[in-house]
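As the structure lists them, so they are numbered: ligands from 1, and atoms in each ligand from 1. In what follows, every heavy atom counts, from backbone to side chain, and hydrogens, waters and symmetry copies are set aside.
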Amino acid sequence: MKRIGVLTGGGDAPGLNAVLRAVVRTAERVYGAEVIGILDGFKGLLDGRFRHVGGQDVRELIRMGGTVLGTTNRDNPFACPGENPGDTPIDRSAECLENARKAGFDALIIIGGDGTLRIASDLGRQGLNVIGVPKTIDNDLASTDYTFGFWTAIDTATEALDRLRDTAESHHRVMILEVMGRHAGWIALHAGIAGAADVILIPEIPYDPHSVAKTVVRCQERGRASSLLVVAEGAMPRGGEMAVVAVDAITGVKRLGGAGERLARELEALTRCDVRVTVLGHLQRGGSPVAFDRILATRFGEAAVHVAMAGRFNRMIRLADGCIEDVDLEEAVRKVKLVDPSGPGGALLKSARALGIAFGDE
Ligand code: F6P
């Protein structure tokens, strides 16, 4: 009997459990293969914490948010923390390979975003039989049209904007919604259009606070009771930097936050508006996946098993023009996808501008 390991890594995203369900069902029903879940991402692979996942275990999973396998976005087997803070990181990747060998994995399906999939690719180069499945609410992986989790995050952000519009209208206020997305403005751009925002600020288009203030004042002059602004956490004023809350001591990754508050202060200095800020934060990562994410996750999980069973390794599953395909993993994780006026997202930016949405750059 063939044995497939499954690992979820990085920040969670709605649809991870749906992938696991599809992997287990396809493996058992089509190939009579066994699935072993690795607990808590690469940490579990290093510690050898595994458990069998069968058909009964995944019955309810398609609609569940989070990941029943657990995850971590701090554990890179190639750079594990030493005994004391400040020690040189240790490469423990060989232990991952040894644990996978001992567990008898014929293939390892690794579900993650750019960071997790880069580690997967490096482990693949060392000899692990890996297949990558792309996930992230940020939708910033260049080689797939969409990652699952993204549309659920947009729905959450859109609902938040609808609610904010109600209270903003009542109080004649300027409401700022800060959304996630790291270096990419995809969530802000999509939610801003769906939620009929007046202004969308994204990292790819540094903004001029005066321009944003002008838009807000213009809204009021036209008799509008409120303004709705969506700000990506990575948005920055021209000549400024991203707003950073902290830098992770282990990974060195910057934790973003404060872009909304910064904009509020800028607007208060430039206008007489009453401004409030809502930070949507991790609400965007939890919850039941929307139908699109469930279907995409299911198709990814199924495809990953077929690729594993065909013995094709170091591949990543992706969505390209509606079709599910597999591509070279190392190549696939080389580039991130940002909103680009003359590339991906360009048409959407144009539509938003045509509808009168401002980006703080005019
Ligand atoms: O990559 C997904 C994401 O949710 C980003 O949008 C956000 O910047 C980051 O993860 C937050 O990470 P953490 O859960 O470590 O705070």
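Close approach to E233 involves these atoms of ligand 1, each under 4.0 Å from a residue heavy atom: 5 (C), 6 (O), 7 (C), 8 (O).
The list of ring-ring contact (aromatic ring centres under 6.0 Å, His included) pairs with a residue in residues 304-333, not counting sequence neighbours, reads Y31-H306.
Here R315 contributes atom CZ and D326 contributes atom CG; the two are 4.5 Å apart, rounded to the nearest 0.5 Å. Expressed to the nearest 0.5 Å, how far CZ of R59 lies from CG of D57 amounts to 10.5 Å.
Contact between D138 and ligand 1 is present, with at least one heavy atom of the residue lying under 4.0 Å from the ligand. The closest approach between a heavy atom of H282 and any atom of ligand 1 is below 4.0 Å.
Ligand 1 has an N or O atom lying under 3.5 Å from an N or O atom of G181, backbone or side chain. In terms of polar-atom proximity, R255 is not counted as a contact of ligand 1, lacking any N or O under 3.5 Å from an N or O of the ligand.
At a heavy-atom distance under 4.0 Å, only side-chain atoms of N73, from C-beta outward, approach ligand 1.
Of the charged side-chain nitrogens involved, at least one lies within less than 4.0 Å of a carboxylate oxygen, so that E98 and R101 count as a salt-bridged pair.
With hydrogens left out, the protein atom closest to atom 10 (O) of ligand 1 is R285 NH1, 3.1 Å, a heavy atom.
Screening I111, I109, V133 for a side chain to side chain contact (heavy atoms under 4.5 Å, CB included) involving I317 leaves a single residue, V133.
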With side-chain contact (heavy atoms from CB on, under 4.5 Å) as the criterion, how do D138 and W186 come out once you've worked through the C-alpha distance, each side chain's angles and the decisive distance to 0.1 Å? CA-CA 7 Å; D138 302 338; W186 296 108; over 6 Å; no

